[in-house]
Structures are given as structure tokens and as C-alpha cells.
Number of protein chains: 2
Amino acid sequence: MANIKQIAKAAGVSVTTVSRVLNAHPYVSESKRKAVEEAIERLHYARNMNAVHLVKGMTQTIGVILPQIQTAYFSKLIEGIAAEALKHNYQLMLCQTGYRPEEEIKVLDLLRNKRIDGVIICSRSLSLDQVEDYAGYGPIVLCEDVRQRKLSSVYYDHYASFRNAIRYLWDRGHRRIGFTLNRRNSQNSLRRRQAYADILRELGGEARDEWLLDGCSEIRDGRLVADWLLRMKERPTALLLTGDEIAAGFLVAIKEHGFGIPEDVAIVGFDNQPISEVFGITTIDNRLLDIGTQAFNIAYSRIQDPALPPVTEELQFRLIERSSV
Amino acid sequence: MANIKQIAKAAGVSVTTVSRVLNAHPYVSESKRKAVEEAIERLHYARNMNAVHLVKGMTQTIGVILPQIQTAYFSKLIEGIAAEALKHNYQLMLCQTGYRPEEEIKVLDLLRNKRIDGVIICSRSLSLDQVEDYAGYGPIVLCEDVRQRKLSSVYYDHYASFRNAIRYLWDRGHRRIGFTLNRRNSQNSLRRRQAYADILRELGGEARDEWLLDGCSEIRDGRLVADWLLRMKERPTALLLTGDEIAAGFLVAIKEHGFGIPEDVAIVGFDNQPISEVFGITTIDNRLLDIGTQAFNIAYSRIQDPALPPVTEELQFRLIERSSV
DNA sequence: CTGTTAGCGCGTTCAC
DNA sequence: GTGAACGCGCTAACAG
């Protein structure tokens, strides 16, 4: 495995010159360039990027913290990040942390240790203060609404989208509205619960605790939601399901019990996943792809220019009407 | 950002000693160890891993080539890889290549350039010979049945599973059997087509070209399958759908046309995804999780001991009976 | 047990 | 246009 020195010798030039052609620098005579290229070819030279990274202090790699890859929500987010990373010739270090704080720390340590140039946090269990401790080592971008001095973030307004969806159901005559959550006390969940409470108070509607079910995230959970609904004495006539997979799972399960959608229960999903299209589920398009794209761009621009201050960017959601309400 | 030299000075020892405590080597007196640890703490020292990688010639990172992350099939495969990587404290560089040869090459070049220690190829468009050219730079594991001298592979038997599924349908009275494929001419698809032809010849059944539809991979495609079926004069009474998402999409679409499953069309899916459980779809469990696990382990063991020869490992599929046949 | 020193492979001033 | 030489930060002989 040849190194730059051997190429230099083989081409009859100095290592500097080799380095210059390697990095497409100007001021190299055509003849020497040719000689170097020929030597590279002949000796099957491949640069050792670890040396480059050491010298440059950068790795052209961004780390991504997410609890689970195998979840439609995160897959879509990654898709957005990955597409943008490709454009800028960056690599992605995907770190599935399962919401384990130790694992999340490990990823932040990759940043400290200069293995990655920046971090995108799709979802976390660490406190913001803990995350902020690492802000000095490189840009950190969160996919949620945080306004912490040293952290950037991109998100869509969970609060407004939830209000909006409930209002939508209310306007269509629904007075008993229930909803699910993933993690009961995540930032996003708290915002949603607040929105639920606020809008129903404003509308003079009822907001019952028993109409909330948490711990729902995948398609299987749709069945749990159905069971939960069936067990209730006073059932909601409409449900906000935080994830189209859950919505689809619920739809299938509840139909088995003879319920019609939307006649017996109306549902609104989230994420605008392909599955919602197939089932005609009305859903909130929360721009996951765009959030991923922006998350990368924010990190990238701050890697290029570390002087740039953190930013917070809000994306507009939209409600996609289909036939489940 | 302190370096090892400064820590040495601060602790009043040599860099070697610092390195020793950093790497948990024996033969360091308790007092010096304490001093070093204290200095590390006090100066907020963090190792620059690029220097370590340069010196060691390894990066504790494995690259994964896959066309798409946002696909249930690959997500599940990644899940298996990631879980195992975590155990061995390895990082994953996920490279979404979209079946673009240039992108696949770029990943193999990461291996040449020593940015990663090994590569797992979930699916590819490069020829095996092209891939094999890189075998000298580190272990390469494919998730398909290849028996190339320098490449390892893990897979389940597509041929046998397809035969098996068709036999299963045949035994239940189906004589007109259709199927879908993802990429028409991928290795796996070729094996499946062969299995289809072989088993039907053996059974004395009919194998029609028009009963094959390719280019299907996601849930939306289920609708295409339904349209395709409806357009036919002589329709298959049973379908093998190469992906549970497709199967689910098809099921929904065909029911809209008043077809019953399995009465009017029987279906068998692939992958044993959660969605198949929800819909009660009979499916082939192709052990994606285990394939991922093994792929990592094969790569890992060969990184530890480069002298180990490539291996080919076959995993047993199983048919999971539910209610779609 | 501990320190000196020579690399690992490459980018980059700076002088020519 | 070109090259000598230093430095990036760390590991590992080797000598003691």
C-alpha cells in the first residue's frame, strides 16, 4: 500500500507536488502532473484519509442520533438528511441509540473526539443542558423546537398542527376527541397535550385524560388503540393518531369490529407516509423530508463557517384531506 | 483543545504513560494513573481519534451499501447490523446509493482510503468482479448468495423459498399462480424466476410470462398489482408478492374492487414485517434481522483476523401461515 | 514500571 | 512552479 512519499519518488517529484495534484491545486506543470498521475495509477495509490482528517481536523462526516432506524418516521427524516449529505459529499454516521443516554453521550463524544464534524439529533433522551455541553466541539442540530443558546434546531410547529387538527375535527361536528402519543413526556408530546388542552378550552369543549393513550408508535399499536377505544364507556368520535402507521393499524383493527371510518370514528394521522395514501387517511404532512434537509444544511453551513450563530427554523405543516374524517 | 503532550506535562509524566492509561494498559503505578486522570479531567482532554486511526490503520467503522434506507426491507436489515455493531462498539457508515454504480464505488473507495474497516453490501448494481477488486482492502460481505472467491455472503435461499411458497399454494388447489419482483434482473430475482419455472414444470403446472409483474417494491405498488391483475383475462388465483408492504397495498386495493382474500385471490408476502401481522398475511420469514447480524459478524471477525477466508452462510427461511391463503 | 523517540501519511508554510 | 521541512496527535518499540 503505497504512500505519498513513494508516489513522489516514483514520479520524480516532491511530496508537495503530489499533494498538489491530489488536491487539484493550481501551479503544477502539465508534465509533472502527468508523471504523478501515472505513478498513482501504476502503484494503485489510495490516499489514507485518516492522515488527511488528522491534519485538517475534519472528517467530512456527520453523526445522526436517533432511537430507531426501523421506524417510518425516522426513515423519512434520514432520507432527507442523506439526500442532502450526498450533494455535499458528506458521509453519515448513523447511531441508533434506543433512547439510552449512554449511547447518546457516545455519539456526542464522537464529536469531541473529532470523528465527526457535527451532529443531528432526531430525538433524544438527554437533557438539553447535557447536549449543550458539547456545543463547543461542533454544530449540533435538533429536530425539535428548542431555543437553547448554543444549539440549532429545525422543526414544524407541533403545537399549532395539533390545534389545527383538533379544530378541523371540531368544525366537522366532533365533540369527543381523543389522541395518542408516543413518549408521554417528550418535548413534542408536552406541546401536543398543551395544544389539546388549550384549543378545547377555547372552544368550550371537553378534554378528558382518559381520551389520551400514550406509548404508541408502530403499526401493531393500532390494535392497542382499538382495544382501548372499545373498552371506553364514552368513546371519542374522532382520534388524532400520532403516526400514520398507528392510524393504519387502528383502521384495520377497528374495522374488524364492524366500525366504519369515518362514520363511527374519524381519524387524522401524522407524517404523510405512503401508507396513509393507500388507506385514504387524512393526515398532517409535517415535512419530515424537509426537516432532514434543513438539519443537514444548518450543520453543514456551520461546519464551513464556525462563526455562524445557531439558528432555529420553523417549517409549515399542512393538513392533507383524504377520506378518514 | 489539549493534546496528549500537554496532559503529560500537566501530570508530570511522559506521553507514553498517558497513552497507557488512555488505553487501559497494565504496568502503570496507581499514583501516576491518578495524576493523569486528574489532568485529563482538569483540561477537558479528549483524544483525537483521527490520530489513533492513522496509527492503527483501523477506524472501528463499517460501511453499509444499500440503495434506500426508507424501505422496510432494508430498515430491518440495518436493524440487525446495527444491533450487532453496537455490541462490538463499532460505528456504522450508512451509504444510500440508489443503485448508482458511482455511489457504490465511492463506498468501496472509503475502504481503500481506510475510512472504514469493512463493507456490507445489502444490495448492489455493481458487478461482482468490480466488487471483488476491492476485496484486498478489507472484508466485504454481501447479503445474497454469491460464491466469489474473495467475497463473503449471508443469505437465505431465495430459490428454495420461492419453490416452497409455490408448492404451498399448489397444494391448496391453486393452478394459476402469479408473482411480482422488485428489480427484474437482480440475482435474487433471477433465482426466483428460475424457481417458479422449475417447480411448475415439475408439478405440470403452467408458468406464464404475463403472470409476472416487476418493478414492485413499496406499499403504493400494491395498487399497481391490483390494476394489473384486474386487467388480465385469465387471472391468477394466487399471488406471491415479494414484500409485505406490496402485499398489504394490494390487499387494500383489491378489496376496494370487491375481491375477497383468500377466496378470490390468495396471497403470500415476504419479509414477515409487522404489517403482515396486522393484515393476517401469510408470509415468508426470510430472517432479515439474522442476516444483518451475521453480515456484521462475518465482517467483524475478518477485521480482527484478516487471515480468515471468506465464508458463505445460508439461513433457513420459514413460511408463516396466517389467513391470506 | 517509565520515558525517549521514531514513525503513521499527509497538508502546508516558506524560501528558492 | 517547486521542494525541504515541520506539524497534526497518538502508539509502540526499545532502552532503561
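Hydrogens, waters and symmetry mates play no part in the numbers below; they use all other heavy atoms, side chains included. So you know, we letter chains A, B, ... as the sequences are listed, proteins then strands, and number each from 1.
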N/O donor-acceptor pair, side chain Arg20(A) with base dG3(D), under 3.5 angstrom =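 Between dG3(D) and Arg20(A), which were checked side chain against base, a qualifying N/O pair under 3.5 Å is present.
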Among the candidates [options], find the nucleotide nearest to the side-chain atoms of [X].
X        : options                  : result
Leu54(A) : dG3(D), dC10(D), dG9(D)  : dG9(D)
Thr16(B) : dC10(C), dT5(C), dT11(D) : dT5(C)
Lys56(A) : dG3(D), dC10(D), dT12(C) : dT12(C)

query = Does Glu79(B) come within less than 4.0 Å of Lys76(B), counting only side-chain N to carboxylate O?
reply =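 Looking at Lys76(B) together with Glu79(B), the answer is no, because their closest N to O distance does not fall below 4.0 Å.
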message = With a 4.0 Å cut-off on N to O distance, would you call Glu102(A) and Lys106(A) a salt bridge?
response =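 No salt bridge links Glu102(A) with Lys106(A).
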Look at [X] and [N] and indicate whether a side-chain polar atom (N or O) is within less than 4.0 Å of OP1 or OP2.
X         : N       : answer
Lys114(B) : dG9(C)  : no
Thr17(B)  : dG3(C)  : yes
Ser19(B)  : dT11(D) : yes

request  = Please name the residue in the list Lys150(A), Arg124(A), Arg147(A), Arg149(A) that meets the salt bridge (charged side-chain N to carboxylate O under 4.0 Å, His left out) test with Glu132(A).
outcome  =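 So, applying the salt bridge (charged side-chain N to carboxylate O under 4.0 Å, His left out) to Glu132(A) and each of Lys150(A), Arg124(A), Arg147(A), Arg149(A), only Arg149(A) qualifies.
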Could you tell me the separation between the [atom1] atom of [X] and the [atom2] atom of [N], rounded to a whole number of Å?
X         : N       : atom1 : atom2 : value
Met58(B)  : dC8(C)  : CE    : C1'   : 15 Å
Ile4(A)   : dA4(D)  : CD1   : P     : 13 Å
His25(A)  : dG3(D)  : NE2   : C1'   : 15 Å
Lys9(A)   : dC10(C) : NZ    : C1'   : 17 Å
Asn3(A)   : dG7(C)  : CG    : C1'   : 11 Å
Arg33(A)  : dG1(D)  : CZ    : P     : 11 Å
Tyr27(A)  : dG11(C) : OH    : P     : 19 Å
Arg115(A) : dG9(D)  : CZ    : P     : 18 Å

key: DNA chain C contacts among residues 41-52 of chain B, heavy-atom distance under 4.0 Å   =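 Contacting residues: none.
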inquiry  = So does Pro309(A) get a backbone contact from the side chain of Arg302(A), meaning a donor-acceptor N/O pair under 3.5 Å?
reply    =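 Such a contact is found between Arg302(A) side chain and Pro309(A) backbone.
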Identify whether any heavy atom of [X] sits under 4.0 Å from a base atom; if not, whether one sits that close to sugar-phosphate; answer base, sugar-phosphate or nothing.
X        : answer
Ser29(B) : sugar-phosphate
Val18(A) : nothing
Val13(A) : sugar-phosphate
Lys5(A)  : nothing

Nearest-nucleotide comparison on DNA chain C, the residue closer to the 5′ end among Val55(B) and Lys32(B) =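 The residue closer to the strand's 5' end, by nearest nucleotide, is Lys32(B).
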inquiry  = As a test of understanding, state which of Val107(B), Ile65(B), Ile69(B), Ile81(B) forms a side-chain contact (heavy atoms from CB on, under 4.5 Å) with Leu94(B).
reply    =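 The passing option is Ile69(B).
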query = Taking all atoms of both residues into account, what is the closest heavy-atom pair of Ile140(B) and Val131(B), and its distance?
reply =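 Between these two residues, the closest heavy atoms are CD1-O, 3.7 Å.
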request  = Specify the closest pair of heavy atoms between Cys143(A) and Tyr155(A), including all atoms of both residues, with the distance to one decimal.
outcome  =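 In this case the closest contact between Cys143(A) and Tyr155(A) is C-CB, 4.5 Å.
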message = Tell me which one of Glu84(B), Glu313(B), Lys87(B) satisfies side-chain hydrogen bond (donor to acceptor under 3.5 Å, both in side chains) with Asn297(B).
response =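 With Asn297(B) as partner, Glu84(B), Glu313(B), Lys87(B) yield a single side-chain hydrogen bond (donor to acceptor under 3.5 Å, both in side chains), made by Glu84(B).
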